[in-house]
Amino acid sequence: MSNFVTREWQKFKDYQLGEDLSNLELFLEAARLTHKRVDQDGYFLVRRNGWIFETGPDPVEFCDRIVHQAHVEGFCHYSLWVISSEQNPSLTGKEAKLLKNFKLDSLLKFSTLLGKENLVSYLSIKDGILLTDTVITEKKDNQFLKDSYQSKVFLKRDQQLDFHKKNYLIEEEKSHSLLVQLEFTKRGLKLAQSSQDEIEALAKTLSLNISEVISQKAAHPIPGTFMGTGKYNELLLQLEGEDYSHVLLNCNVPNSFKTRLENKASVKVWDRTDIILSIFEKHAQTDRAKLQVELARLRCYGEAQIIERLKKRNTGAESGMDGSLDSARYYLNQRKKEIKNQLEKINRQDETKRKTRNENRPPSIALIGYTNVGKSTLFNQFLSRYEVEVENVYFKTLDTTTRTLEISKHSTILISDTVGFIKKLPSDLQLAFFTTLAESKNCNQLLILLDPSGGLDVEEQITCMKDALHQIERYDEENWYFAINKEDLLDSEEKKRLQDELGIDIFFSAKSPESVEKLKNFIVEKIGSSMIEKNIKLSYADYGKIHELKNFTTLPEDPIYKDDYITIKLQYSNENLYKIENCLGLKLDDILV
Ligand SMILES: Nc1nc2c(ncn2[C@@H]2O[C@H](COP(=O)(O)OP(=O)(O)OP(=O)(O)O)[C@@H](O)[C@H]2O)c(=O)[nH]1
Ligand SMILES: [Mg+2]
């Protein structure tokens with residue numbers, strides 16, 4: 001990219017930051033001028049209420065930076081603007097990829113052509129606060145974009161400017177957070193607390209860099225300051241001396257405590273629930289996941305806090321609210337109702353799909369386990385292709401994916417990758433989480449993966465998994481298999497201890513193909529042993545039905561072709577017997593070998 005181009009776009013950005021651009025026409029004129037000078041397409045990002053964040057000729061470079069900032073700030077709704085001399089800038093492959101890679105909500109396009117029709121498309125941003133739509137406008141005698149609907153995008157611009165300027169600086173200096181690690185020891189205290197390892201892994205998932213830790217061990221929380229007064233003062237002192245982007249707490253604290261500290265120290269305060277919610281928000285990809293997280297956020301924050309936030313951000317006007325408590329409350333309830341209805345619809349559709357699949361359901365197995373244990377890695381290995389995303393972060397997967405897996409030449413099973421568990425998940429997320437697990441709830445077998453290198457002991461992972469499974473009403477422990485993944489990270493002594501003390505069924509490494517093959521054989525054997533096995537005799541006239549049989553049986557061996565008939569070994573569960581007999585048009589007992 002030539003220096004000239006970069007400089008010109010940089011000037012445009014400075015212009016945005018320096019000017020009051022509530023006058024949209026001025027802004028568009030500046031964009032047109034910049035564009036004329038550089039003769040290249042340009043891009044900029046806007047936050048959901050219209051704040052221009054960054055401009056430049058290279059969208060990838062600043063998307064990288066901005067999306068990172070978005071996570072740090074807890075915002076996740078971004079639109080990318082394309083300024084182009086094309087009359088109707090089309091979505092190129094590169095831009096489509098940007099939308100996907102950076103999870104941008106939309107691409108907004110603006111043509112800089114003068115004298116002809118100008119076009120601005122607004123695609124919907126589904127954040128429930130700013131509702132936009134796709135609109136085409138014409139320029140008529142300097143009447144360009146006078147439409148009030150569209151100027152909403154730029155509303156309140158000047159009040160947000162400092163905020164973003166500050167973000168910009170924070171990003172350049174690399175943000176850093178302060179961790180407050182509290183441990184309460186009183187028996188029977190029902191408080192979700194993360195170990196330091198766990199909270200560090202959660203922070204890393206959000207790209208939050210912990211540069212300082214303040215810790216305290218106490219019997220129970222102290223009213224008001226939550227920690228001891230001395231420790232609280234130490235925290236305030238630390239916040240005074242350093243410019244942190246976040247204070248992170250390893251447990252959940254009352255909202256009033258957070259607000260007080262935020263106001264006092266001008267820093268974002270996130271407790272364990274906030275951190276987990278932000279991760280879910282960051283990773284939610286499907287409509288269902290996005291809606292569930294939004295609902296959890298609305299429930300979790302509580303009415304008062306959301307209203308407070310709305311007021312602070314002054315988004316009331318944009319959402320069409322008059323800013324009063326009543327209308328905010330009305331808006332919140334409406335939004336909750338809306339989300340619930342949409343979720344119910346999605347669940348109904350999924351249920352229908354599941355039922356159809358169950359009609360002809362081969363044996364099924366779900367990969368479940370604590371977050372980051374390697375479920376998705378194993379899933380991809382089993383299928384020999386990159387089906388689901390894998391990353392060394394918490395809660396990468398938020399939705400269940402089910403695929404058919406060939407386990408031998410004549411048999412298939414259904415295999416599901418699922419959302420990861422975490423100890424003491426915030427209760428509002430738990431609800432969302434268990435709905436997502438509905439798919440695995442119906443699987444015949446559960447392969448419970450455990451990670452000996454994770455932030456939580458294997459013993460604790462097992463307890464957590466058992467609790468969660470009981471909550472979705474799965475008590476059939478005979479169908480659960482415990483498998484330790486990441487064997488490569490385990491020393492022999494620890495392996496022996498786990499084998500002796502916990503009765504682990506199998507050790508493997510999802511990264512080693514031989515090891516995955518061993519696990520596959522283990523699954524085939526287990527599925528086989530839970531089923532009825534029979535040898536039957538089929539005439540050559542029924543040869544074509546063998547393929548159909550695979551939908552609800554397993555054929556562990558190749559059929560044997562005799563002179564007058566074929567013998568087949570069948571494995572099936574009793575509930576599928578009538579389907580087999582229907583398919584063959586014969587009673588199994590009549591054709592046994
Ligand atoms: N050393 C080692 N690392 C592994 C192994 N299996 C998976 N991993 C790594 O563990 C990390 C998490 O893997 P994922 O497959 O995303 O884990 P997951 O259980 O699907 O995680 P969530 O979707 O977040 O619940 C990735 O960095 C993997 O590369 C293994 O056998 N050995
Ligand atoms: Mg996963």
Side-chain angles (χ1 to χ4, degrees), residues 71 194 197-207 275-286 288-289 292-293 365-403 415-426 429-430 432-434 436-437 439-440 446-456 458 460-462 464-465 468-469 481-492 494-495 498 504 506-520 522:
H71 294 149
S194 278
D197 281 352
E198 182 171 275
I199 208 83
E200 278 172 3
L202 288 166
K204 187 179 136 231
T205 300
L206 287 169
S207 312
I275 298 171
I276 295 177
L277 263 174
S278 302
I279 295 177
F280 270 64
E281 228 160 35
K282 178 179 166 186
H283 291 166
Q285 283 189 357
T286 58
R288 188 228 292 269
Q292 279 170 337
V293 176
I365 188 159
L367 308 180
I368 63 170
Y370 216 67
T371 178
N372 208 38
V373 295
K375 301 175 292 298
S376 302
T377 311
L378 178 64
F379 187 74
N380 290 338
Q381 281 285 355
F382 270 151
L383 295 166
S384 308
R385 56 181 190 264
Y386 201 74
E387 267 293 333
V388 286
E389 285 186 61
V390 166
E391 206 183 330
N392 190 16
V393 295
Y394 277 17
F395 302 114
K396 185 67 194 169
T397 310
L398 290 185
D399 260 295
T400 305
T401 310
T402 301
R403 294 286 178 271
I415 186 155
S416 301
D417 177 38
T418 63
V419 58
F421 286 73
I422 196 167
K423 198 172 73 170
K424 304 231 166 133
L425 189 79
L429 268 176
Q430 219 165 53
F433 188 75
F434 287 136
T436 320
L437 270 181
E439 185 81 33
S440 49
L446 301 176
L447 186 68
I448 304 171
L449 301 191
L450 304 160
D451 177 2
S453 68
L456 195 69
V458 171
E460 281 192 86
Q461 288 178 45
I462 294 177
C464 167
M465 296 309 300
L469 288 171
Y481 307 113
F482 288 94
I484 297 243
N485 184 22
K486 309 195 187 178
E487 189 183 13
D488 51 309
L489 303 177
L490 201 58
D491 62 47
S492 51
E494 180 62 1
K495 183 173 170 182
L498 292 170
I504 300 297
I506 187 166
F507 289 72
F508 75 103
S509 165
K511 290 200 163 174
S512 139
E514 302 83 57
S515 186
V516 171
E517 197 54 37
K518 182 179 81 176
L519 181 64
K520 200 166 161 184
F522 170 84

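Ligands are counted one by one from 1 in listed order, and the atoms in each one are counted from 1 as well.
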S.K.: What is the distance from atom OH of Tyr394 to atom CD1 of Ile279, rounded to the nearest 0.5 Å?
M.R.: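 Here the interatomic distance stands at 9.0 Å.
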S.K.: Heavy-atom cut-off of under 4.0 Å around ligand 1: list whichever protein residues fall inside it, by chain and number.
M.R.: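 Residue list for ligand 1: Thr371, Asn372, Val373, Gly374, Lys375, Ser376, Thr377, Val390, Glu391, Asn392, Val393, Tyr394, Phe395, Lys396, Thr397, Gly420, Asn485, Lys486, Asp488, Leu489, Ser509, Ala510, Lys511.
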S.K.: Please give me the protein atoms (N, O or S only) lying under 2.8 Å from the Mg ion (ligand 2), ordered by chain and number.
M.R.: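 Those protein N, O or S atoms (cut-off: under 2.8 Å from the Mg ion (ligand 2)) are Ser376 OG, Thr397 OG1.
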S.K.: Could you measure the distance from the CE atom of Met465 to the CZ atom of Phe421? Nearest 0.5 Å is fine.
M.R.: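 Here the interatomic distance stands at 4.0 Å.
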S.K.: How long is the straight-line distance from CG of Leu367 back to CG of Leu378, given to the nearest 0.5 Å?
M.R.: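 Output value for this atom pair is 5.0 Å.
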S.K.: To the nearest 0.5 angstrom, please state how far the CG atom of Asp451 sits from the NZ atom of Lys375.
M.R.: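 Between atom CG of Asp451 and atom NZ of Lys375 there are 9.5 Å.
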S.K.: Using side-chain hydrogen bond (donor to acceptor under 3.5 Å, both in side chains), reason through Ser376 and Asp417 one step at a time and then give a plain yes or no.
M.R.: CA-CA 6 Å; Ser376 302; Asp417 177 38; 2.8 Å; yes
S.K.: Look up atom OG1 in Thr205 and atom NE2 in His283, then write down how far apart they are to the nearest 0.5 Å.
M.R.: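 So the gap between those two atoms works out to 6.0 Å.
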S.K.: Looking at Asp399 and Arg288, does any basic side-chain N land under 4.0 Å from a carboxylate oxygen?
M.R.: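 Arg288 and Asp399: salt-bridged.
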S.K.: Could you give the distance from CG (Asp488) to CG (Asn485), rounded to the nearest 0.5 Å?
M.R.: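 CG of Asn485 is found 7.5 Å from CG of Asp488.
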S.K.: Looking at Tyr481 versus Phe522, is the centre-to-centre ring distance below 6.0 Å?
M.R.: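 Between Tyr481 and Phe522, the centre distance is under 6.0 Å.
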